[in-house]
Amino acid sequence: MNNILTEYSSWYIIICLIVGLGYAFLLYQKKSPWSKRVNWFLFGVRFFFVALICILLLGPYTKQVINYYEKPAFVFAMDNSQSIPLVSDSTIIEESFNKLNNLASKLREKEYEVEILTLNNTEEIAQFGEIEFNSRNTDLSRLLKNIQTQYENKNLAEVILFSDGIYNQGISPEFSPYNMNISTIGIGDTMPQIDVNLKTVYSNKIAYLGNKFPLIAEVLNTGFGGKKAVVILQQKGKELERKVIEFSSDNGIQNVDFLVEAKEEGMQHYVVRVIPLEGEFTNENNVKNVYIDVLDSKEKILLLAAAPHPDIKAIRSIVEKNKNYDFQIYIPGLTPNTDNSFKIDEKYDLVIFHQVPNLRRVGNNLLQEFKKRRVATWFIVGNQTDINFFNSNNQVVSIITSGRQTDKVTPDYNNGFNKFTFDNEKKAVLAKSPPVTVPFGNFELSGTSEVILYQKVGSIVTNKPMLVVKEQEGLKSAVLLGEGIWQWKLQEFANNNNNEAFDDMVSKLIQYLSTKEDKRKFRVYPSSDEFFDSETVFFETEVYNNIYEKIYGQKVDLQITNEEGETMNYNYVNNNTSFRYAVNNLSQGIYKYRASTVLEGKTEVSSGEFTVKKMEIEAINTTANFNLLKNLASQTNGDFYNAQEIDQLEARLLEKEIPDIIHTQEEFKEILNVKWLIVLLLALATLEWVLRKVKGAY
């Protein structure tokens with residue numbers, strides 16, 4: 001339907017007609033050399049020509065209402081996970097696909113739209129036989145949500161979900177709201193299969209060289225009550241240990257414990273395997289791969305004290321809980337000389353000076369030695385501290401005092417400190433700590449020193465520091481201006497039956513001081529230490545100039561070597577801030593990488609390790625869950641069918657007449673764009689000119 005509209009009032013059209021009529025009247029009212037009949041004809045041509053031009057000057061346009069029809073659409077949501085072939089006979093799968101192909105053809109004959117979607121949905125699928133069961137996880141909720149989004153406001157007649165009802169990622173599709181009808185087709189066996197399933201292996205991700213660490217295998221048995229099974233632990237094809245377990249019932253979980261010694265540094269690959277029993281449903285779930293990072297890089301911490309003190313034991317109890325630390329205590333003249341005792345040439349990451357420098361000069365020479373080595377330090381000031389020597393040998397805080405007067409103060413946490421976080425609850429616990437002894441006087445912070453704890457006298461928080469840290473040219477230092485923090489630990493335990501606040505404060509301080517800043521100009525590292533073999537391995541790249549500004553356009557050579565010693569070579573250019581280099585199709589195993597680039601004529605190298613694990617979750621559960629499919633169909637006004645009842649689904653869908661949806665669209669078009677109007681105007685002007693010339697007028 002077309003309507004002619006204009007931006008102006010319709011009364012302007014009458015004015016246009018009057019203009020055309022007046023123009024023609026003025027031109028053809030006089031006596032002419034042609035007949036009266038020809039004069040009236042020319043009058044009409046001129047009237048129509050001028051009136052039409054005036055009307056076109058009003059900018060008229062047409063409104064056209066267009067209706068088009070959207071055919072109903074049927075979407076087949078196909079679960080193409082690896083569990084389908086495990087729980088279903090191949091013959092049943094093939095028969096089901098033949099029936100579904102027949103149903104899809106008949107729906108297309110009725111001019112319905114048919115689309116086939118899978119879990120990974122990477123390629124368009126025309127026939128069900130093209131589907132490959134290669135998805136290593138099952139997220140039915142995401143599949144259905146994607147369909148709902150894709151067909152929003154479209155004529156979606158029905159979704160048919162073909163699945164075994166087993167999901168292992170995302171939420172259950174039963175708990176998601178859907179505004180579409182979903183019918184479900186169940187395939188697989190709902191009866192538990194006779195099987196031995198190595199469900200999981202529990203272990204720490206990190207172990208330390210020379211230590212022993214546990215591996216706990218969890219074995220699930222279905223139908224093998226009274227039978228025995230052998231569980232073996234392997235590394236590099238060599239059997240490390242084997243254990244025999246006996247299943248006491250037909251259903252149950254049994255733990256198998258291994259204690260493994262970390263003999264090699266680096267990422268280690270262990271395999272836990274249950275030797276298959278006769279009659280098992282599948283052997284796919286009898287093996288688990290475990291990756292342990294064995295470290296020989298404990299941070300060495302030395303506590304150098306002038307004399308025994310309860311503070312030392314309080315600190316020691318915290319540090320020795322962390323297996324990342326190698327902790328030593330040295331009290332000159334008292335520490336016995338053993339193999340594990342203090343050695344002056346040892347490389348330490350942090351040295352804690354408890355009342356050193358000392359009035360009796362105990363440990364002063366060692367302080368001077370560590371100062372030359374630029375080691376991170378933590379000074380604990382007490383009654384026996386030599387204040388003058390302390391002031392000249394630390395760059396954190398200066399103590400201005402006369403005599404040896406002391407004061408009793410409690411801690412108050414500085415909320416403006418942000419080098420590490422500390423919970424509000426723990427701040428409140430710390431505020432209730434008993435007073436410690438601090439030097440009485442004034443304190444001057446140097447440079448960029450930051451206060452963690454202020455001194456609190458009674459209920460008044462002063463601006464005097466109690467605990468201060470500073471970082472200068474990559475070297476970190478801390479000063480605790482007081483002794484007696486062991487009382488904080490005892491008081492907290494008395495009040496709360498734990499030492500969480502005290503332990504957290506001290507451990508975070510030590511971690512902050514002992515952690516070194518990475519000052520390398522070239523860094524390449526994977527986005528994670530662990531990947532599944534279905535994932536893309538992304539490498540992050542950071543390149544810096546001499547003032548540590550990020551630079552781009554560097555050519556990077558990357559070598560990745562697998563456990564068999566095979567090397568793959570890649571090269572790329574880091575070209576923007578969000579750039580990440582992607583490597584695909586890596587199989588499971590431990591990989592070492594080495595990246596290099598040239599900066600100012602010098603080759604810079606960055607290296608490391610990462611692991612790729614096999615995605616094995618599809619073999620964990622092999623029992624079809626038809627209840628989930630029935631509930632989903634019931635909640636969305638659909639029906640449930642098993643794989644043998646597809647004919648019933650076909651009959652229901654084909655007998656139902658589903659109307660098209662009519663969509664209406666308005667289309668506006670300017671009349672000036674209509675070509676035949678321009679042709680008409682030219683024809684009228686030409687016709688008038690030719691007649692006037694033929695009849696003898698100009």
Side-chain angles (χ1 to χ4, degrees), residues 73-88 93 96-97 100 115-125 128 130-152 156 158-190 197 199-200 282 284-285 288 527-528 530-538 582 584-586 588 612-636 638 640 643:
F74 289 87
V75 177
F76 289 86
M78 306 300 295
D79 178 354
N80 65 321
S81 60
Q82 293 177 340
S83 67
I84 297 290
L86 289 177
V87 302
S88 308
I93 296 175
S96 299
F97 279 4
L100 290 175
E115 186 172 9
I116 304 170
L117 299 176
T118 60
L119 291 168
N120 30 28
N121 196 26
T122 55
E123 297 179 358
E124 186 176 341
I125 299 172
F128 291 92
E130 299 175 7
I131 295 175
E132 296 181 2
F133 296 98
N134 55 8
S135 180
R136 301 190 179 188
N137 55 72
T138 309
D139 191 345
L140 298 178
S141 177
R142 185 180 67 174
L143 172 61
L144 296 174
K145 283 289 186 184
N146 288 342
I147 294 172
Q148 181 168 269
T149 302
Q150 181 179 340
Y151 282 87
E152 187 176 5
L156 179 59
E158 195 163 330
V159 176
I160 297 96
L161 174 63
F162 181 90
S163 174
D164 53 15
I166 302 172
Y167 72 95
N168 44 48
Q169 281 199 351
I171 64 174
S172 170
E174 295 177 272
F175 303 138
S176 297
Y178 302 105
N179 56 3
M180 56 190 181
N181 295 340
I182 303 175
S183 289
T184 54
I185 301 173
I187 187 167
D189 195 340
T190 57
N197 184 351
K199 288 183 68 67
T200 188
T282 178
E284 294 285 333
N285 51 16
K288 289 291 181 190
S527 57
S528 174
E530 296 179 349
F531 299 89
F532 286 112
D533 54 358
S534 60
E535 293 181 305
T536 298
V537 177
F538 288 103
N584 293 297
N585 302 320
L586 294 180
Q588 73 163 342
V612 176
K613 295 181 177 181
K614 185 177 180 180
M615 180 78 78
E616 300 172 325
I617 57 178
E618 285 296 313
I620 293 176
N621 184 6
T622 57
T623 304
N625 185 358
F626 284 3
N627 285 332
L628 181 145
L629 299 176
K630 290 176 181 177
N631 292 338
L632 178 61
S634 175
Q635 293 168 8
T636 57
F640 169 79

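Just so you know, residue 1 is the first one in the sequence shown, and it goes up from there. Fair warning: this is a prediction, and the values are worked out from it, not measured in the lab.
- Considering only residues two or more places apart in sequence or on other chains, Ser141 meets the side chain to side chain contact (heavy atoms under 4.5 Å, CB included) condition with Asp139, Lys145, Ile171, Ser176, Tyr178.
- Between Val75 and Tyr151 there is a side-chain heavy-atom pair separated by less than 4.5 Å.
- Atom CD1 of Ile166 is separated from atom CD1 of Ile84 by 7.0 Å, given to the nearest 0.5 angstrom.
- To the nearest 0.5 Å, the span separating CE on Met78 from CG on Asn120 amounts to 12.5 Å.
- Each of Leu143, Asn134, Leu117, Ile125 was scored for a side-chain contact (heavy atoms from CB on, under 4.5 Å) with Asn80, with one residue passing: Asn134.
- Qualifying side chain to side chain contact (heavy atoms under 4.5 Å, CB included) partners for Thr536, counting only residues two or more places apart in sequence or in other chains: Phe538, Ala582, Asn584.
- Closest approach of Phe162 to Ser96, counting heavy atoms only: CE1-CB, 4.0 Å.
- You'll find the side chain of Ile116 stays beyond 4.5 Å of the side chain of Leu100, heavy atoms only.
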Atom pairs and distances, donor-acceptor, side-chain atoms in residues 627-634, under 3.5 Å, two or more places apart:
| from | atom 1 | to | atom 2 | distance (Å) |
| --- | --- | --- | --- | --- |
| Asn631 | ND2 | Glu174 | OE2 | 2.8 |
| Asn631 | ND2 | Asn627 | O | 3.2 |

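- Ser172 and Tyr167 get closest at one heavy-atom pair: CB-OH, 3.2 Å.
- Counting only distance, with no hydrogens or angles, the side chain of Gln148 and the backbone of Asn179 share a donor-acceptor pair below 3.5 Å.
- Relative orientation of the Phe128 and Phe76 rings is perpendicular, given thresholds of 30° and 60° on the angle between their planes.
- Taking 4.5 Å as the limit, some side-chain heavy atom of Ile93 sits within range of a side-chain heavy atom of Phe133.
- With Thr636 contributing its side chain and Ile182 its backbone, the two residues share a donor-acceptor pair below 3.5 Å.
- For Phe532 against Val612, the heavy-atom pair with the smallest separation is C-CG1, 4.0 Å.
- In this structure, the separation between CD on Glu535 and CG on Leu586 is 11.5 Å, given to the nearest 0.5 Å.
- If you take CG on Leu119 and CG on Asp79, they are separated by 5.0 Å, rounding to the nearest 0.5 Å.
- Residue Ser88 comes nearest to Ile187 through the heavy atom pair OG-CG1, 3.3 Å, listed as atom of the first residue, atom of the second, then distance.
- Across every non-hydrogen atom of Ser81 and Thr138, the tightest pair is CB-OG1, 3.1 Å.
- Sparse packing is recorded around CD of Glu132, with 12 or fewer heavy atoms of other residues, nucleotides or ligands lying under 6.0 Å away.
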Step by step, would you call Thr118 with Ser135 a side chain to side chain contact (heavy atoms under 4.5 Å, CB included)? CA-CA 9 Å; Thr118 60; Ser135 180; over 6 Å; no
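- Nearest heavy-atom pair, Met180 versus Leu144, reported as atom, atom and distance to 0.1 Å: CE-O, 3.3 Å.
- The closest donor-acceptor contact from the side chain of Asn181 to the backbone of Gly638 lies at 3.5 Å or more, if one exists at all.
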